Amino acid sequence: MAQCLPKPGKWMNSLKTFFALLILITCYWLISLLSSFIGPSLTLVLALLLSALLLFFIAQKHGRKQFMMVCSVIVLSTAGLLLLNKAGINGENRLADNQHWQSLDRTAIEQQVKQGKVVFVDVTADWCVTCKANKLGVLLQDPVYSLLQTKDIIAMRGDWTQDSDTVTEYLQFYQRFAVPFNMVYGPNATQGIPLPTILTTNAVLDAIEQAK
């Protein structure tokens with residue numbers, strides 16, 4: 001494989017620039033996650049200040065060509081992120097995110113199960129990419145979406161975007177230390193049925209049916 005590569009040369013600088021631009025886009029996404037902690041306005045101001053500083057140093061060191069290239073990437077990546085945020089994954093089929101979620105409460109889980117209810121627990125965080133994929137690809141798609149809204153099923157969510165003792169204790173109880181984490185409880189599964197990290201429609205439906 002190494003022999004198939006072209007000899008070292010200027011192409012390596014282009015490849016380095018390409019990967020640097022990918023890292024830049026990743027940095028903007030990481031900065032956007034700060035909005036849950038410091039608010040969207042301050043996050044935007046921070047992003048603009050860092051962008052201005054970056055562009056200044058690029059213009060000073062690399063000249064106009066590199067400056068224009070980075071400007072284009074910033075504009076295109078921002079527009080792309082806004083469009084993705086608006087449309088979402090599977091945007092044509094995704095349903096409105098108006099599901100009523102109760103706050104995670106282990107005591108409430110036991111009480112609901114004793115009443116014959118099925119409890120679906122979703123432990124998630126805004127900075128978790130896999131959580132968003134599960135949400136857009138499974139939880140906001142029928143038949144799971146409609147099933148979670150039926151009167152016999154209680155949907156509970158533990159938000160770990162910011163530090164939460166309740167969520168942390170819940171995860172540690174099951175020897176888990178990361179999100180996403182999903183469990184299904186019911187009269188036939190009082191100890192809970194853990195779901196795979198990457199959810200599938202069949203996995204959720206099968207666990208709910210088993211818990212009943």
Side-chain angles (χ1 to χ4, degrees), residues 29-30 32-40 84-212:
W29 172 70
L30 290 172
S32 71
L33 299 180
L34 288 174
S35 61
S36 298
F37 300 89
I38 62 176
L84 285 174
N85 185 58
K86 183 178 180 180
I89 301 173
N90 295 331
E92 295 180 355
N93 301 318
R94 179 168 60 92
L95 299 170
D97 188 11
N98 56 7
Q99 177 78 31
H100 176 67
W101 292 88
Q102 296 184 17
S103 298
L104 179 62
D105 186 333
R106 288 177 58 189
T107 302
I109 293 174
E110 297 177 3
Q111 294 173 349
Q112 295 291 352
V113 170
K114 288 179 179 178
Q115 296 175 15
K117 304 283 188 179
V118 172
V119 180
F120 178 86
V121 174
D122 177 39
V123 184
T124 183
D126 285 346
W127 40 258
C128 171
V129 178
T130 308
C131 300
K132 292 183 180 295
N134 286 341
K135 178 180 177 181
L136 297 174
V138 177
L139 300 182
L140 291 182
Q141 304 286 339
D142 271 332
V144 173
Y145 178 85
S146 296
L147 185 61
L148 291 179
Q149 297 193 85
T150 58
K151 61 180 181 179
D152 294 329
I153 297 180
I154 305 299
M156 283 192 182
R157 174 166 285 168
D159 190 348
W160 214 30
T161 301
Q162 299 189 38
D163 187 33
S164 168
D165 291 337
T166 301
V167 176
T168 301
E169 290 172 4
Y170 179 82
L171 290 171
Q172 290 178 347
F173 180 81
Y174 291 100
Q175 298 297 306
R176 300 298 180 98
F177 305 95
V179 290
F181 181 56
N182 297 92
M183 290 280 287
V184 177
Y185 304 84
N188 199 38
T190 56
Q191 300 302 313
I193 302 172
L195 294 174
T197 301
I198 300 177
L199 294 180
T200 64
T201 298
N202 288 336
V204 175
L205 296 179
D206 290 345
I208 291 175
E209 187 62 31
Q210 182 181 342
K212 289 181 179 180

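Given the structure is predicted, the values throughout are model-derived calculations rather than measurements. Hydrogens, waters and symmetry mates play no part in the numbers below; they use all other heavy atoms, side chains included.
- More than 12 heavy atoms of other residues, nucleotides or ligands shown are found within 6.0 angstrom of CD on Q115.
- With sequence neighbours excluded, the residues satisfying side chain to side chain contact (heavy atoms under 4.5 Å, CB included) with A203 are P196, T200.
- Counting heavy atoms from C-beta on, the side chains of V123 and Y174 never come closer than 4.5 Å.
- In terms of heavy atoms, I193 sits closest to A207 at CD1-O, 3.6 Å.
- Residue F120 holds its CZ atom at 13.5 Å from CD1 of I154, rounded to the nearest 0.5 Å.
- A distance of 6.5 Å separates CD of Q111 from OG1 of T107, quoted to the nearest 0.5 Å.
- A 6.0 Å sphere centred on CD1 of I198 holds no more than 12 heavy atoms belonging to other residues, nucleotides or ligands.
- With rounding to the nearest 0.5 angstrom, the CD atom of Q112 is 6.0 Å from the CE atom of M156.
- Inter-residue side-chain proximity for L171 and V179 is flagged as met; some heavy-atom pair is nearer than 4.5 Å.
- The shortest non-hydrogen separation linking T161 to F37 is O-CZ, 3.0 Å.
- Put simply, the residue from D105, V184, N182, L104 that forms a side-chain contact (heavy atoms from CB on, under 4.5 Å) with V121 is L104.
- Using a 4.5 Å heavy-atom cutoff, the side chains of L195 and V204 are in contact.
- Between the side chain of K132 and the main chain of W127, no donor-acceptor pair closer than 3.5 Å is present.
- Among all heavy-atom pairs drawn from W101 and D122, the shortest one is CZ3-CB, 3.8 Å.
- For T150 (side chain) and L147 (main-chain N/O), a donor-acceptor pair under 3.5 Å exists by modelled atom type.
- To the nearest 0.5 Å, atom CD of residue Q141 and atom CG of residue L199 are 12.5 Å apart.
- With values rounded to the nearest 0.5 angstrom, W160 atom CH2 is found 11.5 Å from F181 atom CZ.
- Residues M183 and Q191 come closest through the heavy atom pair CE-O, 3.7 Å.
- Contact of the V119 side chain with the V113 side chain is registered, since non-hydrogen atoms from C-beta on lie closer than 4.5 Å.
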>> Go through it in stages, so that I can follow the logic: the residues are V167 and D159, the test is side-chain contact (heavy atoms from CB on, under 4.5 Å), and I'd like the CA-CA distance, side-chain angles, deciding distance and then a yes or no.
In response: CA-CA 7 Å; V167 176; D159 190 348; 5.8 Å; no
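- Considering all non-hydrogen atoms of both residues, P180 and C128 come closest at CD-SG, 3.6 Å.
- Considering every non-hydrogen atom in both P143 and T201, the closest pair reads CD-CG2, 3.9 Å.
- Checked against side chain to side chain contact (heavy atoms under 4.5 Å, CB included), T166 has the following partners two or more places apart in sequence or in another chain: S164.
- Note that the OG atom of S32 and the CG atom of L34 stand 8.0 Å from one another [nearest 0.5 Å].
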